[in-house]
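Counting starts at 1 for both ligands and their atoms, following the listed order.
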Amino acid sequence: MATSTKKATTNASVGQNEKETKKYDHEEVKVRRVNFSFDKETPRFYYKNNPFSTHFINTLHILFPTGERFFVNATLKHQKAIKDEKLKKQVRNFCGQEGIHSSMHERFWNILKSGGYNFQGYEDHIDFLLHKIVTKIEIEGTKINNIDLVATVCLEHFTALFGHAIFQHIDVTPEAAPEDIAELFQWHAAEEIEHKHVAFDVLNLVDKDAYIKKIALMPIVTAVLYFYLGIGTTILMYQDRKRLELTKLPKQFYEFATGLFTELHGDMVSDFFKFFKRDFHPSDVNDYYLAEEFFKDKAYA
Ligand SMILES: [Fe+2]
Ligand SMILES: [Fe+2]
C-alpha cells in the first residue's frame with residue numbers, strides 16, 4: 001500500500017502536504033473523483049478531422065458504460081469468496097474506478113446526441129448481450145460457469161493494452177484531438193493500467209479452471225470485440241453519410257488504418273499473446289510508470 005513520509009493527521013493543511021509527498025502506488029487502485037465536461041462546440045470529426053477515427057473513438061464512448069457495468073457485476077458477485085483484505089479493497093476500488101469511467105463516457109453521449117446520432121439500438125443490443133446472455137451462461141454440473149468473469153478478464157487485458165498504447169503510441173496532442181477528450185482517455189487509460197490485475201486475481205481465486213477458460217474464451221472475446229467495434233463505427237459513419245465526401249473516404253480510411261488503428265496496436269502483438277502463457281499475470285507487463293507519470297501533476301490524482 002501507499003506510504004507517506006508524514007504521520008497521518010486530520011489537520012487539513014498538513015493533509016495537503018501529505019498528499020504532495022505521497023508516493024504513487026499502483027496497488028492502491030485509487031478511486032479519483034474526476035469531473036469532465038465537454039465542449040458543446042466539439043467538432044463533429046474531432047480526431048484529426050477524420051470520420052473513421054472519430055467514430056471508432058465514439059464507439060468506445062458508447063461501449064464503455066455498459067461494458068464496465070458488466071465488469072463490475074461479474075467481479076462483485078464473488079466478493080464473499082475474497083478473504084484477503086488487500087484484494088477486497090482492490091475489488092471495491094476497481095468497481096469504483098469502473099463506475100466513474102462509465103459515467104464520464106456516458107457524459108460524452110450528450111455531445112453525440114446533440115450531433116444527431118442515434119445509437120440507442122446498438123447500445124441496447126450490447127447491453128442485452130452482456131447482461132442478459134453472457135452473464136447467464138451457466139450449465140449446472142459442468143465447467144461452464146463464471147463466463148462473465150472470464151470475459152471480463154479477457155476484456156481487461158485489452159483495456160490495459162489499449163491504455164498502454166494511449167501513452168506510448170497514440171497521438172493525443174492538441175493538434176490531433178480536443179484536450180478534454182484526450183485527457184478523458186488518458187485518465188481512463190492510467191486507471192486501466194493500475195487495476196488490470198484485479199478481475200484476474202479474483203478469477204484465479206474462485207475458479208480452479210481459470211487458465212483453460214481464459215485461453216478458450218480469449219479468441220471468441222477478441223472476435224466479438226472487433227466485430228462490435230466495426231459495427232459501431234459503421235453505424236455512426238452511415239448516419240453521417242450525407243456529410244461525407246465519397247472521394248475522400250479511401251484516403252480517410254487509409255489514414256485511420258495506418259494512424260489511430262495502427263498506433264492503438266503498437267506493442268500489442270507480443271503483449272497480447274503473453275496472456276496465453278500458463279504463468280502469465282497482468283503485472284508482468286510492467287507499465288505502471290505510465291500511470292504514475294500521468295498522475296504526477298494532476299490535481300485529482
Ligand atoms: Fe474502465
Ligand atoms: Fe478496467
| task | Restricting to N/O/S, name the atom of E156 that gets closest to the Fe ion (ligand 2). | result | OE2
| query | Distance under 6.0 Å and angle within 45° of the ring axis: does K196 meet both against Y288? | reply | yes
| query | Is D284 salt-bridged to K274, going by a charged N under 4.0 Å from an acidic O? | reply | no
| Is it true that E191 and R32 have a side-chain N and a carboxylate O under 4.0 angstrom from each other? | yes
| field | Electrostatic pair E292:K296 at N-O distance under 4.0 angstrom | value | no
| request: With the Fe ion (ligand 1) at the centre, find the angle made by ND1 from H101 and OE2 from E68, to 10°. | output: 120°
| Just wondering, is there an N, O or S atom on E98 that's nearer than 2.8 Å to the Fe ion (ligand 2)? | yes
| field | Metal-centred angle, the Fe ion (ligand 2) as apex - OE1 of E192, NE2 of H195, 10° resolution | value | 90°
